[in-house]
Amino acid sequence: MINEDLRQSDIPSLDIIQDFQLIENQPSHVAIIMDGNGRWAMNKNLPRIDGHKAGIAAIFPLIDVIINSNIEHLTLYAFSTENWNRPKSEVDGLMGLLEEAIMKETDSVHEKNIKINYIGNTKRLSPNLQKLINNSLEITQSNTGLTCNIALDYGGREEIIQAIKNIIDDNIKSVDINETLINQYLYTANIPDPDLIIRTAGEQRTSNFLPWQSVYSEYFSTEILWPDFKPNDLLKAVQSYSTRKRKYGKL
Ligand code: FPP
């Protein structure tokens, strides 16, 4: 059970909120590869699933800061197409935690005017998880605050393959294929490209996360393991982003 742990969402300190507000040139879309849950648990001699529980709990204090910032989109890499290859016990445990988190947190997310969105092939998920997903989509669809995109059974290559199949099935002529059209066929249609992609746990890989959408994203990698990633660490990532000069291939 994640129950109380999940509710320990600290009210963010005013200092952090003010520090955020002082940053000029904030990213509008932040995407996060939440890595290191397993290592966090191992370091504490805990089962891996406890790392995932702590990983879920780490999200909420960040959201409380983000809704007070200029960030409009948050995308979280919750489960990749490759994660199905983990031992069944870990996959089942993670799916159970996802169900619990969506079931228990949708109302509080809704109260914060957050719109939930999912990217990935949700059809492979259990009927109960699909039901919870649809329910959270329905409840939050008219919200106008932060959009939180949860990448669930998401793989960038699969997303592109699916887009190509749908384009062919729709009899689109090659002359009409361009970036705008492809954008419309991706899971991320109507979501702007990520400005900043954060990866925790010291890894320097993109791991099939938003390959089409990230061509001009700025990356920020930190050694901190995901369950230990705090609002202050997000602040550092955003401060780093704010100093970068994005050239998009130009001078
Ligand atoms: C990577 O750590 C993390 C995952 C595979 C799962 C991340 C998922 C969550 C934190 C849940 C998100 C939930 C919602 C509702 C958005 P790892 O297990 O690969 O860590 P390791 O590399 O240290 O083993």
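Start at 1 and go down the list; that is how both ligands and their atoms are numbered. Predicted model, so just to flag it, every value in this text is computed and none were measured.
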Within residues 188-212 or reaching into it, pairs that qualify as salt bridge (Lys or Arg N to Asp or Glu O under 4.0 Å) - sequence neighbours excluded: Asp35-Arg199, Arg39-Glu203, Asp195-Arg246, Glu203-Arg205
Could you list the residues that satisfy side-chain hydrogen bond (donor to acceptor under 3.5 Å, both in side chains) with His73, not counting sequence neighbours? none
Which salt bridge (Lys or Arg N to Asp or Glu O under 4.0 Å) pairs, counting each pair once, include a residue from residues 151-167, with sequence neighbours left out? Arg124-Asp153, Arg124-Glu158
Heavy-atom contacts under 4.0 Å to ligand 1, chain-then-number order, include exactly Met34, Asp35, Gly36, Asn37, Gly38, Arg39, Arg48, His52, Gly55, Ile56, Ile59, Ala78, Asn83, Arg86, Leu98, Ile150
Strictly by modelled atom types, are Ser126 and Glu99 linked by a side-chain donor-acceptor pair under 3.5 Å? yes
Are the side chain of Gln26 and the backbone N or O of Asn70 linked by a donor-acceptor pair below 3.5 Å? yes
Is there a donor in the side chain of Ser108 and an acceptor in the side chain of Glu105, or the other way round, less than 3.5 Å apart? yes
